Amino acid sequence: FTYNSASRIVAVANLPEDANVEYFVKVKNSDGILVDAENAVVSKDGVAVVDAGEYAIKAIVTKDGFNTLTLNEKEAINLIINKKDVTISDIDLEKTYDGKNTIAVSEGDATVDGILNSEVSFQLADEVALDSADVGDRSGTAAVTWTGDAQKNYNLPKEAKVNVTVAARPITVTAASTTKKVETADPTFSASVTAGTLADGQTIEYTVTREAGEEVGKYAIIPAAVIKSGETDVTANYAITYKNGELEIIDAVLKDIKI
């Protein structure tokens, strides 16, 4: 049998009229030793057991004028109730890159199958370590703990697999516009993050160049960036949108203005 939360009844059938029967029941403990089955219900009508286990049930039948009959005198196992298998689903999550190789999980992220009547509940570890913080498909395992007296009747998983898709972190880098007079040196160009944010503790280094040309006119200022976590280049974990600035070269000679 497999545990189903219902009683299993063992009784002597076809008793002679006016015969008496007395039942004794033992169960194997975790060391494989037969001990008294305190969870069994014994009456003159038989033995009722619910919990998973290996039981040895002995019956002594007596009747006036007849020899006493002992059934299962050597206490061999004659009733086995197997633990019920329980499964827990994989946990599939998504997150935007944050520079951390962890993710928060909750019980609502997983589905458990096999528990009867909600007699056992589970909890997941609050945070799961992943194999990497980087963008891509990542994995880890969440520790599972169970509560409820009936957990002894189940084969309960100790962990759940966690699958996480880490998406690139979006930011926008914009070059600042500026001006200069013709035939003068270029000013120092700059850029900044104008949308989105860096992950905590990370830094950004800019390289800003411009479209070639020295004549009066407007030229594109072109930004580029490298993002680091400590000394590690993590730029690949960002989806960077670049926006050019504008360098305007103006005539250095003031022209007469007629009013």
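Quantities reported herein were computed from a predicted structural model and do not represent experimental measurements.
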For a quick check under 3.5 Å, do [X] and [Y] share a side-chain donor-acceptor pair by atom type?
X	Y	result
T147	S121	yes
R138	T165	no
E119	Y154	yes
Y219	E214	no
Y3	D85	no

Testing the basics here: between [X] and [Y], what is the closest heavy-atom pair and its distance to 0.1 Å?
X	Y	result
V234	Q202	CG2-OE1, 3.6 Å
T2	K83	CG2-O, 4.1 Å
V166	V135	O-CG1, 3.3 Å
I221	A176	CD1-O, 3.4 Å
A168	T96	O-CG2, 3.8 Å
A150	V120	C-CG2, 3.7 Å

Evaluate the criterion side-chain contact (heavy atoms from CB on, under 4.5 Å) for residue pair S5 and N117; output intermediate values, then yes/no. CA-CA 9 Å; S5 78; N117 307 317; 3.5 Å; yes
Distance-only, no hydrogens or angles: does the [X] side chain make a donor-acceptor pair with backbone N or O of [Y] under 3.5 Å?
X	Y	answer
R8	V50	no
T235	I227	yes
N4	A6	yes
N153	A52	yes
T172	A195	no
Y55	K28	no
R210	A220	no
E54	V27	no
N29	D31	yes
N101	D131	no

Mind checking whether [X] and [Y] have side chains closer than 4.5 Å, heavy atoms only?
X	Y	value
N20	V61	no
L34	I77	yes
V86	I115	yes
T87	V112	no
V128	I91	no
V12	Y23	yes
V173	S192	no
F24	V47	no

May I ask you to say whether K95 pairs ionically with D98, meaning some side-chain N is under 4.0 Å from a carboxylate O?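 A salt bridge is present here (some side-chain N lies under 4.0 Å from a carboxylate O).
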Hey, what do you get for [atom1] ([X]) to [atom2] ([Y]), rounding to the nearest 0.5 Å?
X	Y	atom1	atom2	value
T178	I249	OG1	CD1	11.0 Å
L156	T145	CG	OG1	10.5 Å
D200	K100	CG	NZ	5.5 Å
E17	K63	CD	NZ	6.5 Å

[X], [atom1] atom: more than 12 neighbouring heavy atoms under 6.0 Å:
X	atom1	answer
F1	CZ	no
K180	NZ	yes
D126	CG	no

I'd like to know if [Y] and [X] are part of one continuous hydrophobic network [Ile/Leu/Val/Met/Phe/Trp/Tyr, side-chain heavy atoms within less than 4.5 Å].
X	Y	value
V10	I60	no
F66	L69	no
I9	I81	no

Pair V164, E94 - check side-chain contact (heavy atoms from CB on, under 4.5 Å), show working. CA-CA 5 Å; V164 181; E94 298 178 352; over 6 Å; no
From CA spacing to verdict: side-chain contact (heavy atoms from CB on, under 4.5 Å), V144, I88: CA-CA 9 Å; V144 184; I88 188 166; 4.1 Å; yes
